[in-house]
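Working notes, beginning with the structure itself.
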Amino acid sequence: RFLKDLDTKKQVVFDTTYGKERSGRMTITIGLGAALGILGIHSIMDIRRKEINVILAGACLAAGVAWQFFGQKTETAEILLSCLPGSVLLGTAYLTEQKIGYGDGWVVMAAGVWTGVWDIVLILTGGMLTCAGCSAVLLILKKVRKGDSLPFIPFLLLGCIGRMIV
């Protein structure tokens, strides 16, 4: 709307609708940037040590909740909803006796608070599809066996990068 008004050379009046749209775009940029940082740091840990620093993931989660609650004035229900995909992963880790680790769930929960529920679902979907494709290629090339495990957070990082591009 703003660009259309500029093209017709009308006088543009700043209204509250435009302000909210602009603020929303900035929120997405900050949230995805924070998620990129969280996933990047934890990817390095996951690749090098095959474990996640849960204290760091918890600190990222707490910072995200504080930013959403105090900085963005996000409702509590929306914050809790953005934690849902990570909570599902934590439940999956429990049910599968850590075939997927608890740390993965905490990192997804932290990234989800920063991005919101829909973006973290897209990031998770991209990460899972990338992981499945990579696993299939490695199995075909006989680089891994059926019972081997791969670090999951780097695939989420790829999903986040894909989300930023799309």
Side-chain angles (χ1 to χ4, degrees), residues 1-3 17-47 50-54 56-96 98-139 149-166:
R1 175 180 165 204
F2 180 75
L3 292 176
T17 306
Y18 177 72
K20 288 180 184 174
E21 289 175 6
R22 187 171 177 198
S23 175
R25 284 191 206 111
M26 182 62 74
T27 300
I28 290 171
T29 303
I30 291 170
L32 282 174
L36 186 67
I38 291 166
L39 293 172
I41 291 168
H42 285 92
S43 290
I44 294 168
M45 289 182 201
D46 202 10
I47 291 169
K50 302 259 188 214
E51 63 182 30
I52 301 296
N53 185 335
V54 179
L56 179 59
C60 293
L61 174 64
V65 168
W67 179 70
Q68 289 289 354
F69 194 70
F70 298 112
Q72 299 300 309
K73 307 292 188 225
T74 305
E75 293 182 23
T76 306
E78 190 174 341
I79 295 172
L80 292 173
L81 188 62
S82 67
C83 291
L84 186 61
S87 301
V88 169
L89 277 182
L90 287 173
T92 304
Y94 176 77
L95 292 174
T96 62
Q98 287 201 29
K99 296 287 182 188
I100 186 166
Y102 287 115
D104 296 329
W106 285 109
V107 171
V108 168
M109 199 179 300
V113 165
W114 283 96
T115 62
V117 68
W118 297 116
D119 279 331
I120 197 63
V121 167
L122 291 173
I123 290 168
L124 265 171
T125 303
M128 287 181 183
L129 290 173
T130 307
C131 184
C134 183
S135 297
V137 169
L138 290 173
L139 282 169
S149 64
L150 294 173
F152 184 57
I153 302 297
F155 294 105
L156 292 177
L157 177 62
L158 292 174
C160 186
I161 292 169
R163 171 60 188 101
M164 293 177 95
I165 292 170
V166 174

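- Evaluation of the side chain to side chain contact (heavy atoms under 4.5 Å, CB included) rule for Ile41 yields Met45, Leu56 as partners, not counting sequence neighbours.
- Note that CZ of Arg163 and CD1 of Ile161 are 13.5 Å apart. Values are rounded to the nearest 0.5 Å.
- If you run side-chain contact (heavy atoms from CB on, under 4.5 Å) between Val108 and each of Val113, Ile120, Ile123, only Ile120 comes through.
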Which pairs of donor and acceptor atoms, one on a side chain in residues 81-93, lie under 3.5 Å apart (sequence neighbours left out)?
{"from": "Ser82", "atom 1": "OG", "to": "Ile79", "atom 2": "O", "distance (Å)": "2.6"}
{"from": "Ser87", "atom 1": "OG", "to": "Cys83", "atom 2": "O", "distance (Å)": "3.0"}
{"from": "Thr92", "atom 1": "OG1", "to": "Val88", "atom 2": "O", "distance (Å)": "2.8"}

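- Listed for the Lys73 side chain is a donor-acceptor partner under 3.5 Å among the backbone atoms of Phe70.
- The shortest non-hydrogen separation linking Ile153 to Leu39 is CG2-O, 3.6 Å.
- Annotation for Asp119 and Thr115: closest pair OD2-O, 3.5 Å, computed over non-hydrogen atoms.
- The shortest distance between side-chain heavy atoms of Trp106 and Ile52 does not fall below 4.5 Å.
- With contacts defined as side-chain heavy-atom distances shorter than 4.5 Å, the pair Asp104/Asp46 qualifies.
- Judged as a side-chain hydrogen bond (donor to acceptor under 3.5 Å, both in side chains), and not counting sequence neighbours, Ser43 has no contacts.
- Residues passing the side chain to side chain contact (heavy atoms under 4.5 Å, CB included) test with Leu138 are Cys134, Lys143, Val144, Leu150, sequence neighbours excluded.
- Applying the side chain to side chain contact (heavy atoms under 4.5 Å, CB included) test to Ile44 and every residue at least two apart in sequence or in another chain returns Arg48.
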Contacts under 3.5 angstrom, residues 125-132 side chains, donor-acceptor by atom type, not counting sequence neighbours:
{"from": "Thr125", "atom 1": "OG1", "to": "Val121", "atom 2": "O", "distance (Å)": "2.8"}
{"from": "Thr130", "atom 1": "OG1", "to": "Gly126", "atom 2": "O", "distance (Å)": "2.7"}

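- Surrounding CD of Glu51 are more than 12 heavy atoms belonging to other residues, nucleotides or ligands, all under 6.0 Å away.
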Compile the donor-acceptor pairs under 3.5 Å between side chains in residues 58-65 and protein atoms, sequence neighbours left out, one pair per line.
none

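- In terms of heavy atoms, His42 sits closest to Ala57 at NE2-N, 3.7 Å.
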